[in-house]
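Quick notes on the structure that follows.
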Amino acid sequence: MTALILDTTGYRILGLLHIVSAMAAFGPLFLYTPLKKAGETATIAKLHLRLVMPALVLMWVFGMGLAGIGEWKMSSPWLSASFLIWLIALAVNWFLVRPALSEDSPSATSKLAAGIGITHLSLVIGLVLMIWKPGA
């Protein structure tokens with residue numbers, strides 16, 4: 001069984017864009033700790049604001065497109081939970097990770113680590129929801 005339910009070109013393109021934007025949103029976070037240790041905080045901050053945050057927003061746009069084409073209702077438990085998890089990831093990245101990138105204090109380092117951990121946990125939970133679609 002494929003992850004993409006419908007077999008139309010538009011649905012497959014949206015699915016591809018959704019997956020690529022998720023990779024762009026979550027992938028760079030794996031590099032933040034080594035880059036911060038190397039003193040590349042300006043590079044990380046640019047990467048976060050120019051790639052990660054826009055990719056998170058695009059991931060939602062393409063996901064909603066998939067839900068619309070696939071005729072999923074927002075009342076579906078897995079879709080509502082996915083939206084909530086996405087909101088948490090977006091808020092954590094904006095209010096926790098982004099400010100921690102411009103500071104060099106031990107407090108900022110722990111905030112960055114916590115933000116990255118929460119973001120990756122949201123990725124795992126989102127993947128489980130997308131694959132198994134509980135309540136669908």
Side-chain angles (χ1 to χ4, degrees):
M1 180 175 182
T2 63
L4 300 174
I5 305 302
L6 296 179
D7 195 22
T8 65
T9 303
Y11 194 81
R12 287 180 181 262
I13 290 171
L14 275 177
L16 175 66
L17 292 171
H18 180 64
I19 291 167
V20 168
S21 61
M23 289 168 42
F26 293 101
L29 292 166
F30 287 104
L31 299 174
Y32 282 12
T33 304
L35 285 172
K36 185 156 178 131
K37 285 180 183 176
E40 296 291 334
T41 54
T43 304
I44 301 169
K46 282 184 197 174
L47 180 68
H48 195 72
L49 289 175
R50 293 183 183 166
L51 177 68
V52 173
M53 293 304 293
L56 270 172
V57 172
L58 287 173
M59 185 178 76
W60 175 79
V61 169
F62 298 135
M64 289 296 105
L66 286 169
I69 291 175
E71 299 176 4
W72 295 103
K73 305 290 184 240
M74 275 307 286
S75 60
S76 298
W78 71 271
L79 192 55
S80 299
S82 298
F83 182 68
L84 179 64
I85 294 296
W86 173 81
L87 277 175
I88 291 169
L90 187 68
V92 164
N93 274 277
W94 188 257
F95 294 112
L96 195 62
V97 174
R98 183 188 55 84
L101 292 173
S102 58
E103 298 176 26
D104 283 333
S105 68
S107 170
T109 303
S110 63
K111 286 179 185 176
L112 180 64
I116 291 170
I118 293 168
T119 302
H120 282 140
L121 180 62
S122 71
L123 169 66
V124 171
I125 294 169
L127 284 170
V128 168
L129 292 169
M130 295 292 125
I131 293 169
W132 280 284
K133 295 177 181 47

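Below, each value reflects all heavy atoms present in this structure, side chains not excepted, and no hydrogens, waters or symmetry copies.
Side-chain polar atoms of Asp104 and Thr41 form no donor-acceptor pair below 3.5 angstrom.
Counting only heavy atoms from C-beta outward, the side chains of Thr109 and Glu103 never approach each other to under 4.5 Å. The shortest distance between side-chain heavy atoms of Phe30 and Ile116 does not fall below 4.5 Å. Residues Val57 and Phe62 are not in side-chain contact: their nearest non-hydrogen atoms beyond the backbone lie 4.5 Å or more apart. Side-chain atoms of Ile44 and Leu112, non-hydrogen and from C-beta on, never get closer than 4.5 Å to each other. In this structure, Leu17 and Leu58 have side chains that are not in contact, with every pair of non-hydrogen atoms separated by 4.5 Å or more.
Below 30°, between 30° and 60°, or above 60°: for Phe26 and His120 the angle between ring planes is between 30° and 60°, a tilted geometry.
With hydrophobic clusters built from ILVMFWY side chains whose heavy atoms lie under 4.5 angstrom apart, Ile131 does not share a cluster with Ile19. Linking Ile, Leu, Val, Met, Phe, Trp and Tyr residues whenever their side-chain heavy atoms come within less than 4.5 Å places Ile13 and Leu66 in a single cluster.
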Using the rule given for side-chain contact (heavy atoms from CB on, under 4.5 Å), can you reason through Lys46 versus Leu51, listing the C-alpha separation, both sets of side-chain angles and the distance that settles it, and then say yes or no? CA-CA 8 Å; Lys46 282 184 197 174; Leu51 177 68; over 6 Å; no
side-chain contact (heavy atoms from CB on, under 4.5 Å) evaluation trace for Val97 with Lys111: CA-CA 7 Å; Val97 174; Lys111 286 179 185 176; over 6 Å; no
Should Leu49 and Arg98 be marked as a side-chain contact (heavy atoms from CB on, under 4.5 Å) after you check the CA-CA gap, both sets of side-chain angles, and the distance that decides it? CA-CA 8 Å; Leu49 289 175; Arg98 183 188 55 84; 3.6 Å; yes
Using the side-chain contact (heavy atoms from CB on, under 4.5 Å) rule, take Trp132 and Leu127 through it: C-alpha gap first, then chi angles, then the decisive distance, then the call. CA-CA 8 Å; Trp132 280 284; Leu127 284 170; over 6 Å; no
Anything under 3.5 Å between a donor and an acceptor, one on a side chain of residues 76-87, the other on a protein residue two or more places apart or in another chain? List them.
| unit_1 | atom_1 | unit_2 | atom_2 | d |
| --- | --- | --- | --- | --- |
| Ser76 | OG | Lys73 | O | 3.0 |
| Ser80 | OG | Met74 | O | 2.3 |
| Ser80 | OG | Ser76 | O | 3.2 |
| Ser82 | OG | Trp78 | O | 2.6 |
| Trp86 | NE1 | Leu56 | O | 2.9 |

